[in-house]
Amino acid sequence: MAATVQAPRGMRDFLPGEKLRRELVLRSIRESFSSYGYQEIETPAVEELSRLESGEGGDNEKLIFKILRRGLDPELAVAPVAAADLGLRFDLTLPLARFYASHRGELPEVFRALQIAPVWRAERPQRGRYRQFHQCDIDVVGEPGAVAEVELIAATLDALEALGVGGVTARLNDRGVLSAILDACGFAPGARSEVLVTLDKLDKLGMDGVSAELAERELPKGPSERLVEVLAGLEASEGDFDATFAALPGRAAEQAERLVAIRDGVLEAKPGADLVADAALVRGQGYYTGSIFELRHPDFPGSIGGGGRYDGMVGRFLGTEVPACGLSIGFERVVELVDASRYRPEVRKVALVYGPEVPPGRLVAWQRRLIGVGAQVRLVPRRRNLVHQLEALGTEGFGEWAELDGSTRAPAGAGAAGLDLRDLR
RNA sequence: GUGGCCGUAGCUCAGUUGGUUAGAGCGCCAGGUUGUGGUCCUGGAAGUCGGGGGUUCGAGUCCCCUCGGCCACCCCA
């Protein structure tokens, strides 16, 4: 039923079983990234609103949860824009850039950061889309070369494979390629963002759909027609890098050289990685300056991760330019893809079922005794129907149980001696 | 942010064209039967019908608002 008291929209409570699953996935991801030398950091959930609203967060900026200024006189009339000065972060990239600017002197020249933390977006919830969700984000700050991209992609694919999530495709593109394509078609710089929004829907709308939407947006005909021609060439190349690059107009092909380096690098480091060139890939964030990527899995519509290079952002906080590149995976989307068979922690779980007549001290004494020999022990009051109760304990992962009643004596001897421990199931 | 579908006991659901104290199964509790604490029998606790207004003599059933879930769009992890 719909409970009268619920968690806020799009945000969830996690029952013990689900919490455990998330914890196990989290542990695995953390280990994978640590092995690549990434160091975990933590930043506040909140950042200054002015920084979040830099104008480079794309549509996400419309989804910011804003926090009212403290100490505002409730009687005082204040314009909404002035009423808030902080906001909940909508991703982990901006907080990282700020973090780096704050602590540069204490960090290595090339800093590899790992962040696993919640972010918030005021969207309409749906399956796999929440208002509070976790991102697992790795970033390389201070490395201008393709090593960053190659490592980020390899590390992330490895992290997913360690969870049994294989079959992930990494789609690659580059902001420079996109700009060059639009220039070659003859679009005015002011029309770019609008064209990009439409272009990004190529895989969803198809050629005709994109063509129709360009017309709908009343974008100039000549450039639009040239763009559709380019797209036809791209579509025919089906993600193959060489074919894609051959289909690029004007200076776009030379812009794509960085992508070739990334592709070659990943394939040398991790043969068999599924990489696809997608010159129509845009991605929302405005702060990307070079490569952009998106991770997809056949069992989930949309992406399970994404990232790219944002060389300009740290410089905005620090004054000096510092190249940076990051990739994050959507934690709850990945958790959904992890097979249930992986959620079996190897622990000896024992249930001590007791009647009301057993003295509390005796119960805990037995509990401690079994904990002492390495078990995880839970005291559970006996229900009327033991059979159903044991069944429930079994599905919860308990492997052994014992009943304690009035005749149960205090522990004596060693280990479970004196207790009638029985296997469950 | 726009549009659509949905919301009845702990769980799964029934509730007829609006009409008496809102039902079932499972689970839970109590008692009894019983070679097993299983089965079976009897009884019981438990529902603000998501919430709030309205229409009506009367609404779980109609209307409006609202909260939440799901779907499409938008966008994204």
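In what follows, every chain begins at residue 1, and chains take the letters A, B, ... in the order their sequences are listed.
- Nucleotide B/U48 is matched to nothing when pairs are restricted to Watson-Crick or G-U wobble geometry with both distances under 3.5 angstrom.
- For the C1' atoms, the distance from B/U56 to B/G18 is 9 Å, rounded to whole Å.
- Look at B/U20: it lacks any Watson-Crick or wobble partner with both distances under 3.5 angstrom.
- Taking atom P in both B/A59 and B/A14, one finds a spacing of 24 Å when rounded to whole Å.
- Residues A/K201 and A/V197 share a closest heavy-atom pair of CG-O, 3.6 Å.
- Rounded to the nearest Å, the gap between the C1' atom of B/G47 and that of B/G7 is 14 Å.
- B/A9 and B/C74 have their C1' atoms separated by 39 Å, with the value rounded to a whole Å.
- The C1' atoms of B/U21 and B/G38 are separated by 37 Å, rounded to the nearest whole Å.
- Judged by distance alone with a 3.5 Å cut-off, a donor-acceptor contact links the side chain of A/E403 to the base of B/G37.
- Figure legend: A/R51 and A/F317 shown as a cation-pi pair, the cationic atom lying under 6.0 angstrom from the six-membered ring centre and within 45 degrees of its axis.
- If you measure from atom CD of A/Q6 to atom P of B/G51, you get 11 Å, rounded to the nearest angstrom.
- A salt bridge links A/R127 with A/E336; the closest basic N to acidic carboxylate O contact falls under 4.0 Å.
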Its contact letters, B for base, S for sugar-phosphate only and - for none at protein heavy atoms under 4.0 Å, make nucleotides 69-77 of chain B read SSBBBBBBB

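- Mapping A/L386 and A/Q389 onto RNA chain B via the closest heavy atom, the residue that lands nearer the 5' end is A/Q389.
- A sub-4.0 Å separation between OP1 or OP2 of B/G38 and a side-chain N or O of A/N385 is present.
- Look at B/U39: it lacks any Watson-Crick or wobble partner with both distances under 3.5 angstrom.
- For the pair A/R378 and A/E396, the salt-bridge criterion is met [side-chain N within less than 4.0 Å of a carboxylate O].
- Few gaps surround CD on A/E357; more than 12 heavy atoms of other groups in view lie less than 6.0 Å from it.
- The main-chain N or O of A/D311 is found under 3.5 Å from a side-chain atom of A/T289 such that the two form a donor-acceptor pair.
- For B/U48 and B/G3, the C1' atoms lie 31 Å apart once the distance is rounded to whole Å.
- Going from atom CG of A/D278 over to atom CG of A/L234 covers 8.5 Å, rounded to the nearest 0.5 Å.
- Between B/G27 and B/G68, the two P atoms lie 35 Å apart (nearest whole Å).
- B/G3 is paired with B/C71 under the Watson-Crick or G-U wobble criterion, all donor-acceptor distances under 3.5 Å.
- One can place CZ of A/R384 at 11 Å from C1' of B/C41, the figure rounded to the nearest angstrom.
- Counting all heavy atoms, side chain and backbone alike, A/E149 lies closest to A/S291 at OE2-OG, 2.6 Å.
- Between B/C26 and B/A46, the distance separating the two C1' atoms is 14 Å to the nearest Å.
- Figure legend. B/G25 is base-paired to B/C11; pairs are counted as Watson-Crick or G-U wobble with both atom distances under 3.5 Å.
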